[in-house]
Engineer: 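My questions will all concern the structure given below.
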Amino acid sequence: MALKALDIYKLLPKKNCKECGDPTCLTFAMKLASGKGDIDKCPYLDLNAKNILGASTRPPIQLVKIGVGERRFAVGEEFVVFRHEKTFYHPPGIMFQVSDLWPVETIESITRRVGSEHFVRVGTDLTFSGVAITNESGDADIFAKAIGVVESTGTHIPEVLMAPDPAVQEEGLKKCGNFRPLIYSATKDSYKPMCALARKFGSPLVVSAQDLESLGEMTKLCNAEGVTDLLLDLSFPSLRDYIPAATEIRQKSISRSAPGLGYPIFLDTTRYPMQDTALVLGIDKYAGVIVTPALRFPSSVAALTLRQNIYTDPQKPIQMNPGIYPVGNPGKESPVLLTVNFSLTYFTVQGYLESSRVPCYMLIVDTEGLSVLTAVAAGKLNETLVRDSIKKFDLENLVSHRHLIIPGYASPLSGKIEEETGWKVMVGPRDAAELGDYLVKEWKI
Amino acid sequence: MAEKSPDLDGKIGCVVLGATKSDGGTRTVSYRPGGESDLPFTGMKNGQGSIPLVAFEICDDPDYWSPIVTSYTGDLVINTREWARAAEKQYGADLVRLYLTSTKRRGFEEFPSITKVMEEVLSGTGLPLIVEGSNEPAIDSEVFQRCGEAGQGERLLLGTAEAGGYRSVAAAAMAYNHSVIAQSPIDINLAKQLNILLREIGVKADHIMIDPYTGSLGYGFEYSYSVMERIRYAALKGDTDLAMPMITSATDSLSVKEVREADPVIRDDIAVAWEFYAGLSSAVAGSSIVCVRHPKTVPLLKQAFRELWAGKIPGEA
């Protein structure tokens, strides 16, 4: 169960030494109580206090860091079951699988692809996260050589070493153990040597077992071996078991009713015939690290877009910078369409304007990310904002006419905007899909 | 907010779609979407309701349809009967959703043609039918009346009721015992309000499906995904005004920039990926019927649902 700040304070040294980075022991206790503090930052805790606090003050899902350098990422440390309750913080790392039996060129090209490929959406750079090297050869030297190939590309992307045999795993770690690769995986039989490797190289470790109960026992065994950076392998034989298991883990770890399950989830989609399906489930439902085959272009863009969607903060709509955006190749006579800076509105309207093939300007005004309907209702979209925006973005010199098309839902403002700006207001359609038709029929200047 | 499935004591109602011969219709199959009493795809136990269905969308005037679909499908799209048949026999859809796009033409008043199209589609396929009428106040009453009448006894699903216009579609549905799609703009409270409005004028709860409005992948899908989760969760917690099954259609999928501007060589594959990723995620968030427009998306979604479904699949032992 979670402890209150005062209960935690009683266990702290009360020296107010500031060595943890907090001004007092009490503020440190408050941070721990909210799940945001790190108990190891206090150098003066006795072992007993550490044990009591360790289990109840760490975030409900352990934060696990994978890789080093610019491309490193962290997973876990989530606080809600549904994204609408707050937000999801750490998007899953998607790792492309390569086999140690594959030709050097193939391993190289997939690694380089993950290293350089990126898609820009809504102003954000989207990339895949790393590679997972599988030990299909069963041979330690071949495995180490394949890792050497990955390293030789100089991409410095995070790695998963997928070798069940600790002896093989160790040869791999000798090649890249300094770069915090994820070790896959510890089983009931191999957890001792695997934990020893994780400790030696400071690497996070995946634990595998046949069901949730055994996974919970495994994490306790690994904790006892001194390893706490763990992931839970949910790549069960049937993909059907994924959502029930992932949901149960998320619910129980958030409610802290099963501390042994408070770790991020690992999913290997290469085990299933329907890899896109598995990938969608992992992204939607709580995975921390997902291994997939190198995705074809269509799945690549769709997967990264879905991941961006699910991990967008629902309380902060993505906003566009206010300003004038040309569509096509507009000139002095082209229509000007006003809309708000809620990015979803912007991209929807822009999409339909582009397909209308009528060159035009979009005048994007700052409604702080509110949609047209809510901005009108809240008074954020009003005649003064329109007047100031026209001035600020120098619309008067951009076009020779004085006609402004406003969204259908802003029609109540048309008179006031005309008075305030002196521009002739035309009321456009409510549905952006009808913009093409509207422009063809109504735009006759 | 650490809710657990065991705390859920609500249940989603069922809507009957399609009437077979024994129920006085001509459909070869009938569905009962809804019935869940737990979160989507989580249950081995019980209460998982029925497997999500895939509806294939067609229209009676392809000028208003995505060129991606019309160029992939070819001349088939000008024969609505054959297009509906293909949806069933070639693509393997569970339902056909007909959009009466012909009514979008300015000054439309050839109402008898609606009856004709309805008859063609009903004869082209034995699948249960979803029909999208008109949202133009001048003609919607007559359009829905025609749809409702032509589909009498078939237990159609008629769309779409919105807060700004729901009487015509509701009247036709009530007159001929069809069900209604209630669409609200990505907002749980507006969804609830519309359901209440519909019931006030006499539409029964088990004749309503919720359409939470689905933004396409990358264009607002995250809002739709979350509103679906909220609606489903609220219903499972006991809110009966939201305990109707959901129908979703990311209709803009084929016109977003990523798809529209794609290299023609892979444009179909991107369109399918865009529909599939949003469609499967919608079902994961609680949707009972997922609608798509690209023929190649249908078998992929159906296969995914079967792969994930632990319960009984209708028509199979």
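So you know, we letter chains A, B, ... as the sequences are listed, proteins then strands, and number each from 1. Predicted, not measured: the structure shown is a model, and the values here were computed from it.
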Engineer: At a heavy-atom separation under 4.5 Å, does A:A433 approach chain B through its side chain, its backbone, both, or neither?
Structural biologist: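 No part of A:A433 comes within 4.5 Å of chain B.
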
Engineer: Check whether A:Y242 gets within reach of chain B through its side chain, its backbone, both or neither, counting any heavy atom under 4.5 Å.
Structural biologist: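 The answer is neither part of A:Y242.
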
Engineer: If you count heavy-atom pairs under 4.5 Å with chain B, which of A:T305, A:T348, A:D284 comes out on top?
Structural biologist: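 The option with the most such pairs is A:D284.
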
Engineer: So for A:K86, is it side chain, backbone, both, or neither that comes closer than 4.5 Å to the heavy atoms of chain B?
Structural biologist: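 Contact with chain B involves no heavy atom of A:K86 at all.
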
Engineer: Identify which part of B:E261 has an atom lying under 4.5 Å from any heavy atom of chain A, answering side chain, backbone, both or neither.
Structural biologist: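 Interface part for B:E261: side chain.
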
Engineer: Among B:G220, B:P185, B:A285, single out the residue with the greatest number of heavy-atom pairs under 4.5 Å to chain A.
Structural biologist: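 The residue among B:G220, B:P185, B:A285 with the greatest pair count is B:G220.
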
Engineer: Checking B:L300 against chain A: side chain, backbone, both or neither under 4.5 Å from a heavy atom?
Structural biologist: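 Only the backbone of B:L300 comes within 4.5 Å of chain A.
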
Engineer: With a 4.5 angstrom heavy-atom cut-off, could you sort out which part of A:R250 is near chain B: side chain, backbone, both or neither?
Structural biologist: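 No part of A:R250 comes within 4.5 Å of chain B.
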
Engineer: Measure distances from B:Y225 to the heavy atoms of chain A and classify the residue's part below 4.5 Å as side chain, backbone, both or neither.
Structural biologist: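 For B:Y225, side-chain heavy atoms alone lie under 4.5 Å from chain A.
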
Engineer: For chain A, which of B:A304, B:G215, B:S255, B:G218 has the most heavy-atom pairs under 4.5 Å?
Structural biologist: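 Among the listed options, the one with the most contacts to chain A is B:G218.
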
Engineer: Between B:E307 and A:R240, does at least one N-O distance fall below 4.0 Å, as a salt bridge requires?
Structural biologist: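 No, no charged N to carboxylate O under 4.0 Å.
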
Engineer: Could you tell me whether the side chains of B:S249 and B:T251 share a donor-acceptor contact shorter than 3.5 Å?
Structural biologist: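 No pair is found: no donor N or O on one side chain lies under 3.5 Å from an acceptor on the other.
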
Engineer: Could you please spell out the steps behind the side chain to side chain donor-acceptor pair (under 3.5 Å) verdict for A:Y352 and B:D252?
Structural biologist: CA-CA 10 Å; A:Y352 285 110; B:D252 285 340; 2.4 Å; yes

Engineer: Can we say B:D269 and B:K296 salt-bridge, meaning some charged N sits less than 4.0 Å from an Asp/Glu carboxylate O?
Structural biologist: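 Counted as a salt bridge, because a side-chain N and a carboxylate O are separated by less than 4.0 Å.
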
Engineer: Need one label for A:L373: side chain, backbone, both or neither, based on atoms under 4.5 Å from any heavy atom in chain B.
Structural biologist: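 For A:L373, neither part sits under 4.5 Å from chain B.
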
Engineer: Which bit of B:S281 comes within less than 4.5 Å of chain A, counting heavy atoms only: side chain, backbone, both or neither?
Structural biologist: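 Looking at B:S281, backbone and side chain both touch chain A.
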
Engineer: Could you tell me which portion of B:R230 (side chain, backbone, both or neither) has an atom closer than 4.5 angstrom to a non-hydrogen atom of chain A?
Structural biologist: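 Both parts, backbone and side chain.
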
Engineer: Is B:E229 paired with A:K285 through a side-chain N to carboxylate O contact shorter than 4.0 Å?
Structural biologist: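 Here A:K285 pairs with B:E229 in a salt bridge, since their nearest N and O are under 4.0 Å apart.
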
Engineer: Will you find, in the side chains of B:D61 and B:T101, an N or O donor that is under 3.5 Å from an N or O acceptor?
Structural biologist: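 No, because no side-chain N or O of B:D61 sits under 3.5 Å from a partner of the opposite role on B:T101.
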
Engineer: Just by distance, no angles: are the side chains of A:Q350 and A:Y325 close enough, under 3.5 Å, to form a donor-acceptor pair?
Structural biologist: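 Judged by distance alone, the side chains do not pair up.
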
Engineer: Quick one about A:E117 and A:T127 (side-chain donor to acceptor, distance below 3.5 Å, no hydrogens or angles considered), yes or no?
Structural biologist: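 Result is no, nothing qualifies.
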
Engineer: Given a strict heavy-atom distance threshold of 4.5 Å, which part of A:R121 is in contact with chain B: side chain, backbone, both, or neither?
Structural biologist: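 Interface part for A:R121: side chain.
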
Engineer: Are B:R293 and B:W65 in a cation-pi contact, defined as NZ or CZ under 6.0 Å from the six-membered ring centre and within 45° of the axis?
Structural biologist: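 That pair qualifies as a cation-pi contact.
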
Engineer: Report which part of B:E258 has an atom under 4.5 Å of a heavy atom belonging to chain A: side chain, backbone, both, or neither.
Structural biologist: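 Side chain of B:E258 only, per the 4.5 Å heavy-atom cut-off to chain A.
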
Engineer: Could you tell me whether A:K252 and A:E248 have a side-chain N and a carboxylate O separated by less than 4.0 Å?
Structural biologist: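 Between A:E248 and A:K252 there is a salt bridge, with a charged N closer than 4.0 Å to a carboxylate O.
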
Engineer: Tell me, for B:P40 versus chain A, whether the close heavy atoms (under 4.5 Å) come from the side chain, the backbone, both or neither.
Structural biologist: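 The answer is the backbone of B:P40.
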
